[in-house]
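Each chain gets a letter, A, B and so on, in the order its sequence line appears, and its residues count up from 1.
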Amino acid sequence: MSKPVIATTSLAGCFGCHMSLLDIDERILTLIELVEFNKSPIDDIKTFTKPVDIGLIEGGCCNSENVEVLKSFRKNCKILVSLGECAIMGGLPALRNGIPIEECLHEAYIGGPTVQLNKDGIMPNDDELPMLLDKVYPCHEIVKIDYFLPGCPPRADLIWDALVALVTGDPMKLPYEVVKFD
Amino acid sequence: MENTIKQIVEKYNSNRMRLMDILIDIQESEGYISRDAITTMAAMLDMSQADVEQTISFYHFFSTKPRGKYTVYLNNSPVAYMFGREAIKEAFEKSAGIPFGQVTDDGLIGLFDTACIGMNDQEPAAIINNVVFTRLTPYRVREIVKMMKEGKPMEELRKESFGDGKNNLPSLRSMVSSNIRRKGMILSDDYKYGTVIKEKLPTMSPENVIAEMKHSSIRGRGGAGFPTGLKWEFCRRAKGEKHYVICNADEGEPGTFKDRVILTEKPELVFEGMALAGYAIGGDEGVLYIRYEYRYMKNYLEEVLEKMRNEGLLGENISGIEGFNFDIRIQFGAGAYVCGEESALLESLEGKRGEPRDKPPFPVEKGYLGNPTIINNVETFATAVRIVQNGGEWFTQFGTDDSTGTKILSISGDCMFPGVYEVNWGFNVEDMLDMVGAYDVQAVQVGGPSGTLIGPDEFHRTLGYSDLSTGGSMMIFGKQRNLLKDVVVNFMEFFIDESCGSCSTCRNMTQVMNNKLKKILAGKGVAKDLKDLKEWSKVLNPSRCGLGQTAANPIVSSLKNFRHLYEELLQKDKDFDEGFDLESSVQASCNYVGRVPVFNHH
Ligand SMILES: Cc1cc2nc3c(=O)[nH]c(=O)nc-3n(C[C@H](O)[C@H](O)[C@H](O)COP(=O)(O)O)c2cc1C
Ligand code: SF4
Ligand code: SF4
Ligand code: FES
């Protein structure tokens, strides 16, 4: 049997969840034994080159590019996992959701106290740039998500246990410390 | 203005526990509560401004901005819509020239929505400067607005005759109707108030009174159904400097209005019940906590209390019983459904935001000002008088084994004769519908939004604590109604508005579920949504109070009993659709930065 294939991405996230994935320490060596990585910042593969078994998504969607990437993950992965608060709930980026996007843009590029050099009030509007969404969406509001791993970031052990469970098909251990958050 | 504020605060002895009264008086005399007023009163009450502000911000009828010389609060319960609210709203907006939620530029007229004002049997209804206008029509609205523009006094705005019963009295003078359609032991005219206090209490010890209450097996009429005798006994046994009796007349559950009718027609019975409860628990003071929507009854109820004081039914050594001292004051709320929850009511009574307390301790141990307190519904106190008059044994012959006595129902919606009906417990829904003249019924909402929505195959069920438990709200929906769109969404939005916000479950899940419901209504639903709704509703169970614990009921019960209405709306060819639309969601940002959205559709 060929190794299960994993892909990962960071959408509107801080890369903290990926850091947490690396936090499994020396088990990373075991992981590489167990699975093969495809599209992921970890191996820097930019596009899907084969069908993937498990896709790990960090971050929610704040712009059109996030949406495209997420949709491509859904298309290429059998199982999608929302990894961390941002993917599950929108997280910190979603703090802007209570503020109209116009106000956010104005604050960032024109009105904010740290804006010094934009005398002409130029707004980023090049076609190459992703388009901002009206608010930050959690992943499951865009595509179907199969599993959710909570935490900000989820603990390395939780990610490890979840991956092992998905790969081996064994039920996942969920001790109290893992599901209690406060 | 500063002087007015000072006078008001001094009127209540600069006591911060009376902040509700202070704010109500300021709101009424100034039309709003200004920043300066907040500064002045905070200093006088030795409170932080933030503490004053958080109380203000909690209540619907307090405002830090002017709400107009004439302020219109138009009821938005589903029954109001069924009786033409849309046309009334339009007429107000057109003649006043502003949309709801705003005040005219000249500060003359303010238009606001408000949750059920307890007039479901005479909708559409609105409250204008504390005067209730019932059975509104577009013609009347135009007339009313015209008179507002001419600056006419409130008395002249009313053209209707006064309502039936005591609504006619000089101290009430209200166009509200009582609509009593069926009388039982409480609404009957064969009891002369004061008899129990004068003739019974001198022959009974407080323990005797409690024993009769326990023997009657009466359970609270406010909805939760706790055995009243037991509650009184717990309170009597609890130690504290003082003991309090509080009557819950918050009546916020949409569709109920029977407490209004009892307080209009039989206020003496309620006050007598409070006094006898005071006797039973060793209570010193009673408070009637009544919703602000019923402010029009203020003078009337105060007159009744004064009359009862003069007749020796309230005051000191009542009925010649040494040490039986008991008096009652009236406390108004300011527009918050959750203040009907007993511990939130206590917070409000102490001048704070109406956020429910953690329990235990229960109010019988630590209630008002930390002292043992009983809180009972209006109807419970009225019933207690008849129990003590005739004995607990007598009472058990009415109703059923587990639900003794009578229940006063508030019946509204699609029926010939909406109004108040006093029936024995054990009445079934079928008979009830025939009694009120309701034909072609699609559904009945039993017990208000927090209760259940039932369809014809359950009309054989009976009213009682073991089957269909209810505080008395019955809303009838005919075949022509769109249950999901017009009823369920309305109820969900009611809970969203009224959640106090303490529990994340109640604050968020109500929104999440309502969004999903609306998505389904928009034709974007898939089969999984129904499963989600059912599963997610469980998240609300651990909420702190009954509001959150029942807030999913409109969806859960309609999903259970009217599943086909949901299924008809689902997309059959999809198993995932969250309703996300990329094109519309980038529109606003592209417009703002000045670019044309480009999509590479794959
Ligand atoms: C959100 C909420 C609102 C309530 N509103 C009322 C009300 O308006 N009137 C009432 O009597 N009880 C209301 N209750 C029930 C009270 O908490 C309490 O159980 C009742 O007043 C006790 O009186 P009873 O035993 O005579 O029914 C409400 C409960 C909740 C959770
Ligand atoms: S969940 Fe936390 S760690 Fe993960 S991307 Fe969001 S902010 Fe970063
Ligand atoms: S359940 Fe809702 S209304 Fe009740 S305390 Fe919690 S947030 Fe407040
Ligand atoms: S700041 Fe971006 S990963 Fe830490």
Side-chain angles (χ1 to χ4, degrees), chain A residues 47-48 60-72 74-76 80 82 88-90 94 96-111 118 120-146 181-182, chain B residues 358 496 501-505 507-509 511-520 522 524-533 535-536 538-539 542-544 570-571 573-602:
Chain A
T47 50
F48 288 103
C61 293
C62 73
N63 64 31
S64 54
E65 193 217 5
N66 296 155
V67 174
E68 264 168 52
V69 173
L70 181 59
K71 285 184 173 166
S72 77
R74 181 70 276 179
K75 209 186 260 167
N76 290 285
L80 275 195
S82 269
I88 298 175
M89 303 272 197
R96 79 159 160 95
N97 285 5
I99 305 164
I101 186 71
E102 294 86 349
E103 266 177 53
C104 293
L105 284 162
H106 185 271
E107 180 75 8
Y109 295 105
I110 298 176
N118 189 8
D120 300 330
I122 296 168
M123 289 284 190
N125 59 5
D126 193 284
D127 276 348
E128 289 299 311
L129 296 170
M131 299 170 284
L132 283 183
L133 306 183
D134 54 347
K135 56 180 187 175
V136 178
Y137 292 79
C139 295
H140 66 268
E141 287 189 10
I142 313 263
V143 300
K144 179 165 184 285
I145 299 289
D146 302 290
F181 295 95
D182 58 15
Chain B
D358 276 327
I496 290 168
S502 281
C503 318
S504 56
T505 46
R507 188 176 64 238
N508 297 317
M509 196 41 97
Q511 291 273 10
V512 171
M513 292 183 70
N514 193 43
N515 287 346
K516 210 177 231 323
L517 172 60
K518 284 180 159 168
K519 188 196 82 166
I520 295 172
K524 300 261 187 188
V526 294
K528 183 171 177 294
D529 291 327
L530 304 191
K531 208 174 120 215
D532 286 347
L533 284 173
E535 283 301 310
W536 296 358
K538 295 178 192 155
V539 172
S543 303
R544 194 192 298 157
L570 298 181
Q571 308 176 87
D573 54 337
K574 279 193 190 167
D575 60 7
F576 180 88
D577 186 350
E578 277 303 317
F580 176 77
D581 176 41
L582 183 60
E583 301 192 9
S584 63
S585 59
V586 299
Q587 204 64 56
S589 71
C590 287
N591 280 351
Y592 192 70
V593 300
R595 71 188 269 195
V596 182
V598 183
F599 304 98
N600 21 343
H601 295 281
H602 305 288

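Inter-residue side-chain proximity for L582(B) and L133(A) is flagged as met; some heavy-atom pair is nearer than 4.5 Å.
Here the CZ atom belonging to F576(B) is positioned 7.5 Å from the CD1 atom belonging to I145(A), to the nearest 0.5 angstrom. A distance of 11.5 Å separates CG in N591(B) from CG in L105(A), rounded to the nearest 0.5 Å. To the nearest 0.5 angstrom, D134(A) atom CG is 5.0 Å from S585(B) atom OG. Atom CZ of residue R595(B) and atom CE of residue M123(A) lie 12.5 Å apart, to the nearest 0.5 angstrom. Here the straight-line distance linking atom CD of E583(B) with atom CE of M131(A) works out to 8.5 Å at 0.5 Å rounding.
For chain B, the nearby part of H140(A) is the backbone; its heavy atoms alone come within less than 4.5 Å. If you measure heavy-atom distances from D126(A) to chain B, the contacts under 4.5 Å come from the backbone alone. Neither the backbone nor the side chain of P138(A) comes within contact range of chain B, judged by heavy atoms closer than 4.5 Å.
Applying the 6.0 Å contact sphere to OH of Y109(A) captures no more than 12 heavy atoms from other residues, nucleotides or ligands.
S589(B) approaches L132(A) most closely through the heavy-atom pair OG-O, 2.7 Å. Between D127(A) and V596(B), the closest heavy-atom pair is OD1-O, 4.2 Å. Heavy-atom minimum distance, N125(A) versus G594(B): ND2-O, 3.6 Å. Shortest non-hydrogen contact noted between E141(A) and E578(B) is O-CB, 3.2 Å.
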ask   = Run the side-chain contact (heavy atoms from CB on, under 4.5 Å) check on V67(A) and F580(B) step by step: do they pass?
value = CA-CA 10 Å; V67(A) 174; F580(B) 176 77; 3.9 Å; yes
